[in-house]
Each structure stands twice: as C-alpha cells, then as structure tokens.
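The next block holds one structure in the form of structure tokens; read it before the comments.
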Amino acid sequence: MSSGTWRGTVGVVKPTYGSGSLVEFIRLLPEGVGCIPMYAGIKEHSERGYLGALETYNAKVAELAEIGVDLMHPEGGPPFMVRGYKAEQEIVAGWEAKYKIPIFTSGISQAEALRALGIKKFVGCTYFNDEKLNSLFARYFTDAGFEVLGMEGMDTTPYEADKISTDTIYQHLKSSFNKHPKAEGIYLLGSGAWQVKDIVGVENDLGVPVVHPVAARVWLVQKKLRLRNPIKGASRLLEELP
C-alpha cells in the first residue's frame, strides 16, 4: 500500500461519467484514504436502463476485487432501488461472499445514515419527474423499514441535473418539507445536482438533518474503515459522525 493510502482504499463504480460528485467525494475523504473510480456508463435514465446496468456493475466489482481494495462502493441509488430492497441485499451479499471485501451501495449508505441520525419518517427529494421511478424509490425505503411521507420530484430529469441552480434546489427542499412538516429529516436522491454545501442552509433553516448521497457515502466509508474525521460545515451527518 502506498503512503498516500495508508488508511485504506475504496473502489467506487460511478453510474455515469459525470465528475462533480466524484470530486466532492474525494475532497471530503479523510487524509490517507485513496479512491479508485470506475464507471458503469449508464446513458438511459429509466427503469429499463437501470435494470440493464447490473451486468456492467458485476464486471466492475470483479475488476476492483482483482486490483485489491479495502472497501467497495457501487454507486447510484436508482440502479439498485428499482430492483427492490430485498434484491439489492441479495446482490451485495453475493458479491461479499465471492470477493471477501466489504461492499455497500448508495441505498445502503443512505438507509444507514437515516438510522444513525434517528430518522424514522422522512420526505424524499429527487430531480426525477418520473412518478413511477419516484414511487419505486419510496417503496425501497418503505421495505427498509422507514415511513416515507413523500418522494417529491422536481420538474427536471437527471440529464439536466448539473444545470439546476442552488436557489432552485433550496426552494425544492424547503417546499417539500413544508408539505410534510412531520418529517424528521429530508433525504436527497441523486448527487448530480446538489453538493453537500447546498444542504447546510436547509438544515439550519428547517432544523432537521438532510441526508445527502455524498455525505452518506463519506460517513459510511469512515465507519467501515473505523476512522473518525469530523468535517465542519459539511452537513450534520459529517459534523457529528453518529
């Protein structure tokens, strides 16, 4: 192991070729944690497109295992959530049994982060305008034991995620929460539009934690590698590291 990765190396499989969330993830990782990225190259953001990506994920996970990493994170909530919570658990268990390496998906990290923050009922926010997909995302978390008060999609698609303004994101999160004021927190699906810094103002204004996909994966990487590196100004999850 090189001196630059003395605390461990995580291999990730990005669903698309967008680099923004990868840059943010690496920036938030503790010093001494390395990252080896690979890409599933998903082009069709539909149920069919997500279901068809599993073969590529299988190949990339095998490649990362051959390279040798301490932890694997096949990213992208939708490619696994559309299959359902139980099916996702079975896929991950099969990989771990085969490669003897700890593995977690985006859904797993987000569900664990919600539990760690004590959130049992929440409102979800996505940048999908596909009601069927949003209902599948909600069902995933319902099957995981949460009460999903709503999975509120924006009138956008993942193809335009990087063009959504910070102001629009803030208004979407706030209005979604105002529809469901009994929510104990807010969950964000997708990391192509919003950065971790975008949610801090929402947490402060609404007084509830917000689970951001990148923050959730950084938090679980620390937990899995048995590290503790709190980050101020990067969401309640990464500041408190519950």
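As a basis for the values below, the full set of heavy atoms in this structure was taken, side chains included, without hydrogen atoms, waters or symmetry mates.
- Here the side chains of E47 and L133 are in contact, with some heavy-atom distance below 4.5 Å.
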Next item on the list: Check step by step if side chain to side chain contact (heavy atoms under 4.5 Å, CB included) holds for M72 and V10.
Entry: CA-CA 6 Å; M72 269 194 258; V10 55; over 6 Å; no
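- Among residue pairs with one or both ends in residues 141-156, those qualifying as side-chain hydrogen bond (donor to acceptor under 3.5 Å, both in side chains) are E152-K179, E152-H180; sequence neighbours excluded.
- Residue P79 forms a side chain to side chain contact (heavy atoms under 4.5 Å, CB included) with just one option from L54, I42, T105, and that option is I42.
- When all heavy atoms of V61 and P74 are compared, the closest pair comes out as CG2-CG, 4.0 Å.
- Between the side chains of S106 and S109, not a single donor N or O lies within less than 3.5 Å of an accepting N or O.
- Atom CZ of F137 and atom CE of M81 lie 7.5 Å apart (nearest 0.5 Å).
- Taking 4.5 Å as the limit, some side-chain heavy atom of V221 sits within range of a side-chain heavy atom of F25.
- The side-chain heavy atoms of F104 and R217, taken from C-beta on, include a pair separated by under 4.5 Å.
- Under a cut-off of 6.0 angstrom, the local environment of CD in E131 is sparse, with at most 12 non-hydrogen atoms contributed by other residues, nucleotides or ligands.
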Margin query: Pair V196, S191 - check side chain to side chain contact (heavy atoms under 4.5 Å, CB included), show working.
Written below: CA-CA 9 Å; V196 174; S191 51; over 6 Å; no
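- With rounding to the nearest 0.5 angstrom, the CD atom of Q195 is 8.5 Å from the CD1 atom of I169.
- Side-chain atoms of V218 and L238, non-hydrogen and from C-beta on, do get closer than 4.5 Å to each other.
- Between L189 and P78, the closest side-chain pair of non-hydrogen atoms falls below 4.5 Å.
- A donor atom on one side chain and an acceptor atom on the other are found under 3.5 Å apart for K14 and S21.
- Between the side chain of D70 and the main chain of T9, a donor-acceptor pair closer than 3.5 Å is present.
- Note: K132 NZ to S46 OG = 9.5 Å, rounded to the nearest 0.5 Å.
- Under the ring pair (Phe, Tyr, Trp, His ring centres under 6.0 Å) criterion, the residue pairs touching residues 142-164 are H45-Y159, F122-F146, with sequence neighbours excluded.
- To the nearest 0.5 Å, atom CE of residue M154 and atom CG of residue N129 are 10.5 Å apart.
- Put simply, the side chain of R228 gets close to the backbone of L241: a donor and an acceptor are under 3.5 Å apart.
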Could you go through residues 199-207 and list every donor-acceptor pair under 3.5 Å that involves a side-chain atom there, pairing it with any protein atom two or more places apart or in another chain?
from, atom 1, to, atom 2, distance (Å)
E203, OE1, R236, N, 3.0
E203, OE2, V210, N, 2.9
E203, OE2, R236, N, 3.4
N204, ND2, V200, O, 3.4
D205, OD2, Y170, OH, 2.5

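- Side-chain atoms of N134 come within 3.5 Å of backbone N or O of F128 as a donor-acceptor pair.
- Within the 4.5 Å cutoff, no side-chain heavy atoms of Y127 are placed close to those of E160.
- For the atom pair CH2 of W219 and OG of S235, the computed distance is 11.5 Å after rounding to the nearest 0.5 Å.
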Note to self: I'd like to know whether L51 forms a side chain to side chain contact (heavy atoms under 4.5 Å, CB included) with V82, so could you lay out the CA-CA distance, the side-chain angles of the two residues, the decisive distance to 0.1 Å, and finally the verdict.
What the structure shows: CA-CA 7 Å; L51 289 172; V82 296; 3.8 Å; yes
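- Between P209 and L117 the shortest heavy-atom distance is CB-CD1, 4.0 Å.
- Pairing each heavy atom of Y140 with each of I108, the nearest pair is OH-N, 3.6 Å.
- Of all non-hydrogen atoms in V211 and A113, the two that sit nearest each other are CG1-CB, 4.1 Å.
- With sequence neighbours left out, Y57 forms a ring pair (Phe, Tyr, Trp, His ring centres under 6.0 Å) with F80.
- Across L28 and A234, no two heavy atoms sit closer than the pair CD2-CB, 4.4 Å.
- Residue pairs satisfying the salt bridge (Lys or Arg N to Asp or Glu O under 4.0 Å) criterion with at least one member in residues 81-103, sequence neighbours excluded, are absent.
- Follow the hydrophobic side-chain contacts under 4.5 Å out from L149 and you never reach V208; the two are in separate clusters.
- How far SG of C125 is from CG of L188: 6.0 Å, rounded to the nearest 0.5 Å.
- Using a 4.5 Å heavy-atom cutoff, the side chains of T166 and T168 are not in contact.
- The salt bridge (Lys or Arg N to Asp or Glu O under 4.0 Å) pairs that include a residue from residues 112-129 are E112-K223, where partners are two or more places apart or lie in different chains.
- Heavy-atom minimum distance, C35 versus L22: SG-CD1, 4.1 Å.
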Note to self: Assess the residue pair I231 and N229 against the criterion (side chain to side chain contact (heavy atoms under 4.5 Å, CB included)); give the C-alpha distance rounded to whole Å, side-chain angles, the decisive distance to 0.1 Å, and a yes or no.
What the structure shows: CA-CA 6 Å; I231 306 170; N229 186 60; 4.3 Å; yes
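- Side chains of S176 and I186 form no contact here, defined as non-hydrogen atoms less than 4.5 Å apart.
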Next item on the list: Evaluate the criterion salt bridge (charged side-chain N to carboxylate O under 4.0 Å, His left out) for residue pair K232 and E239; output intermediate values, then yes/no.
Entry: CA-CA 5 Å; K232 295 198 71 173; E239 281 198 13; over 6 Å; no
